[in-house]
Amino acid sequence: MADEKVLIGVIGGSGLYHLDNLTFVKHINPETPWGFPSTPIAICALPSGKKVAFLARHGIGHTIHPSTVPSRANISALKSLGVRAVLAFSAVGSLREEISPGSFILPDQIIDRTKGVRPASFFEGTSIVAHASFGDPFSNKFVNWLESRVKKALDDEGRDVKLFTNKCIVCMEGPQFSTRAESLMYRQWGGDLINMSALPEAKLAREAELSYALVATATDYDAWRPDESSVTAAEVFKTLTQNANTSRHVAATILDEIYEAFAADGGDMLEEVGSMKLSIMPR
Ligand code: ADE
């Protein structure tokens with residue numbers, strides 16, 4: 001790997017198990033102090049020849065439950081390749097009428113309903129006491145930068161896919177979907193989207209000082225609409241394939257430019273680098 005820079009990692013969620021519109025180069029499977037990643041990482045070449053790393057969060061055949069995704073190994077493995085920024089994709093339910101299934105969203109806030117269940121820090125079990133800043137859980141510069149690029153990629157695809165920004169995602173513990181009462185409560189809390197996978201990934205990316213943005217892809221209306229049936233896995237599956245095709249198109253369209261943006265050392269986009277220096281309690 002020494003001669004190959006892989007500055008950008010892409011994490012695929014439900015339905016997005018490969019980037020087969022890029023040129024596959026090889027698989028690598030780094031063992032980390034937290035074990036192996038969800039799958040061997042696919043190194044893929046962009047048309048320009050630049051290399052990116054792709055990791056399927058739930059495994060290639062979707063065999064890994066959201067609660068047991070080895071997020072520490074995933075983020076650590078990407079970091080070990082030299083990755084500076086992670087573009088993550090995830091299927092989400094919509095808690096807002098205007099965010100219809102098929103919509104794409106770049107959220108900027110998270111409500112954590114997985115706390116205490118999933119290992120969420122690289123420092124757990126160590127004697128280092130660290131409190132990472134997480135008021136802005138996604139990397140704002142990266143997210144803002146992405147908005148016009150993702151919008152253009154969606155417009156170019158010509159399927160009339162809507163893009164939303166400034167939305168709040170609730171990350172819940174599955175495997176069951178929410179009750180109607182919970183779904184209504186999340187709306188009252190200010191939640192716009194719901195999924196099972198944004199965390200602890202975003203927290204760990206912050207601890208690893210990686211820039212991290214989530215492209216959420218809506219599959220359903222969860223359980224809050226009074227006259228509609230509540231979400232089923234079958235409903236989620238219906239939209240997954242089309243959303244995954246559009247995600248692949250978006251990734252292939254913007255990855256070269258993302259790479260350039262993160263390539264310059266000290267560049268504007270590297271806002272997370274050095275952030276943990278302020279997060280570790282002095283002894
Ligand atoms: N992923 C996709 N749709 C979802 C929903 N309604 N709740 C939780 N996770 C989801």
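As a basis for the values below, the full set of heavy atoms in this structure was taken, side chains included, without hydrogen atoms, waters or symmetry mates. In each ligand, atom 1 is the first atom listed, and ligand 1 is the first ligand listed.
- From the protein, the heavy atom lying nearest to atom 8 (C) of ligand 1 is M172 SD, 3.7 Å.
- A 6.0 Å sphere centred on CG of D160 holds no more than 12 heavy atoms belonging to other residues, nucleotides or ligands.
- Protein heavy atom closest to atom 4 (C) of ligand 1, with residue, atom name and distance, is G93 N, 3.5 Å.
- Using a 3.5 Å distance cut-off with no hydrogens or angles, the side chains of Y221 and R96 do not pair a donor with an acceptor.
- With ligand atoms numbered from 1 in the order given, ligand 1 contributes 8 (C), 9 (N), 10 (C) to contacts under 4.0 Å with heavy atoms of N195.
- Residues R118 and E173 are paired through a salt bridge, judged by an N-O separation under 4.0 Å between the basic side chain and the carboxylate.
- Using modelled atom types and a 3.5 Å distance limit, the side chains of S211 and E271 yield no donor-acceptor pair.
- With a heavy-atom cut-off of 4.0 Å, I194 touches ligand 1 through backbone and side chain alike.
- Of the listed options L95, D220, T232, D220 places a heavy atom closest to atom 3 (N) of ligand 1.
- Looking at atom 1 (N) of ligand 1, its nearest protein heavy atom turns out to be A91 O, 3.5 Å.
- For ligand 1, the atoms sitting less than 4.0 Å from at least one non-hydrogen atom of T219 are 2 (C), 3 (N), numbered in the order shown with element in parentheses.
- Between F138 and Y212, the ring-plane angle classifies as parallel under the 30° and 60° cut-offs.
- Interface atoms of ligand 1 facing V231, defined by a heavy-atom separation under 4.0 Å, are 6 (N).
- Annotation for ligand 1: atoms under 4.0 Å from non-hydrogen atoms of D222 are 5 (C), 6 (N), 7 (N).
- Ligand 1 has no N or O atom lying under 3.5 Å from any N or O atom of V236, backbone or side chain.
- A heavy-atom distance below 4.5 Å is not found between the side chains of D108 and K167.
- Summarising the local packing, NZ of K152 is surrounded by 12 or fewer heavy atoms from other residues, nucleotides or ligands at distances under 6.0 Å.
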